[in-house]
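Okay, so here's the structure we're looking at.
Order of the sequence lines sets the chain letters (A, B, ...), proteins ahead of strands, with each chain counted from 1. Just so it is clear, the model here is predicted, and its values are computed rather than measured.
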Amino acid sequence: MSPAKLFALVDCNNFYVSCERLFQPALEGRPVVVLSNNDGCLVARSNEAKALGLPMGAPYFQVARTLRQHQVAVFSSNYALYGDLSRRVMQILASAAPASEVYSIDECFLDLTGIATADALSQQLVQQVRSWTGIPVSVGLAPTKTLAKLANRLAKKGLGQGGVLDWRALSEPSAVLQRTAVEDLWGISQHWGQRLRALGITDALALAQAPSAWLQAHFGVVLVRLGRELQGFSCLTLETQPPARKQIMVSRSFGQPVTQWSVLRAAITHFASRAGEKLRAQGLLAQALTVFLETSPDGKHGDPKARPPPESLTLSFSPPTADSATLVRAACWGAQQRFRDGSIYRKAGIMLLDLMPAGQVVPGLFDAPERADHARQRMQALDAVNARFGRGALRFAAELGGDTWRLRAERRSSACPTDWQALPRVRAG
DNA sequence: TCTGGGGTCCTAGGACCC
DNA sequence: TCTGGGGTCCTAGGACCC
């Protein structure tokens, strides 16, 4: 018989805040928050900020006064910094376990099945990550991913030892489940939480004890699996190989409302060429592209917040392509079909769909192979220049049509260990 | 005035086929 | 007069995650 499964969930504590604090240690012990793109809402909070009652995802303008009152340090998000630190943390974790799955920018599942010293190993990892990267992490150990998530929450609350909580060591796991509100579980959000509560399921223990057939009938297979996982039967496996991307999306809310075609075209051009970069970095080709435009709430139809649905258009490519010029041309053409003079646009984006590996393409009868070769070479040159001199060093002229769509990011930290210009200067003597 | 961006999975229903 | 049933594929929409 194979040994019982054992998963570790390693989660960085208040990750974005911890990243910012690395470069400003004076912020230790003070409330800190990090804002989403466009400085829209709160996406990370230090423990001190949580203690002030600042909710996750709160719109910035609604909490701005509280933030000022309590002298909370506020940062725009700096994804170059977070991405770089994430990579360093993940490398350490991957080298410590037989198998790992990077689940998000700040979380990693490890498979520790059959490792008798899992507890000690986890505590050692907490130390190691802290001293090698400066990032504090917590670990939850359990026989299923869902329970490992829950164990991690408990570890963050200071239960367990040295930042590690082992579910198997709990004396009364059912009591813990009973104290866990159903919407605090991984996979249960507000909406399902309300529906479960309406049906009398308010805590994790009740969910674990609900009959599978009943869960299936009311919620489908997703909750059946969740229930099984809570009972300790592993249904979710470790995904060690990141599955091939099925779609690539680039979209942004605009820094200011956009009404001019030239500005919109500049934004669309930027999105399409950025999407092309992502596509080529993954060695993929796209067979279709969707461009969409979202207008501002128009105040009609009673509800002032009601937004008209996005206007979109999907185009297909034959042969499949990763050529930014082709993507830009298609995206701009599509956007122009949907653009209306007099409309006020607040957001736009593109999606690349029906992706396939570049090696698998079968040339069509009427394709011109030499043209595709030239395009490929142009893109290689473009990517090489931008890798050397920074993203956007070489770009499409239509991007110069206007900059007013760009994000607000008024409080971006300058810290970035991958950018020479941003390194702190130290003077001797 | 101001509420992110980028993903995945599941389900239901329709089209189509034999 | 009677008018099947089972399978696949696709799409849109809804839900979730961080």
Checklist line | Under 4.0 Å protein heavy-atom contact, by nucleotide of nucleotides 6-16 of chain C - B base, S sugar-phosphate only | finding: ---------SS
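Taking atom OH on A:Tyr60 and atom C1' on B:dT1, their separation rounds to 14 Å, with Å as the unit. As rounded to whole Å, 15 Å separates atom C1' of C:dC17 from atom CG of A:Asn152.
Shown for residues 249-259 of chain A: residues whose heavy atoms fall under 4.0 angstrom of DNA chain B, namely A:Met249, A:Val250, A:Ser251, A:Arg252, A:Ser253. Applying a 4.0 Å cut-off to non-hydrogen atoms, none of the residues of residues 328-344 of chain A approaches DNA chain B. Contacts between residues 217-237 of chain A and DNA chain B, counted as heavy-atom distances below 4.0 Å, involve A:Gly220, A:Val221, A:Val222, A:Arg225.
Nucleic acid contact for A:Asp39: none, since no nucleic acid atom lies under 4.0 Å from a heavy atom of the residue. A:Glu107 comes within 4.0 angstrom of the backbone, heavy atoms only, and of no base.
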Notebook entry, point to check: Dot-bracket for DNA chain B: what is it, with Watson-Crick or G-U pairs under 3.5 Å, [ ] where a pair crosses earlier ones, and | for a pair to another strand?
Noted result: ....||||||||||||||
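Along DNA chain B, the nucleotide nearest to A:Lys347 and the one nearest to A:Phe61 differ in position, and the one closer to the 5' end is contacted by A:Phe61.
Contact of the A:Val291 side chain with the A:Arg338 side chain is not registered, since no non-hydrogen atoms from C-beta on lie closer than 4.5 Å.
A salt bridge links A:Lys5 with A:Asp111: at least one charged nitrogen is closer than 4.0 Å to a carboxylate oxygen.
For residues 323-354 of chain A, the ring pair (Phe, Tyr, Trp, His ring centres under 6.0 Å) pairs, not counting sequence neighbours, are A:Trp261-A:Phe339, A:Phe339-A:Tyr345.
Between A:Trp214 and A:His218, the two ring planes are tilted [angle within 30° to 60°].
Of the options A:Arg228, A:Glu229, A:Arg225, a side-chain hydrogen bond (donor to acceptor under 3.5 Å, both in side chains) to A:Thr146 is made by A:Glu229 and by none of the others.
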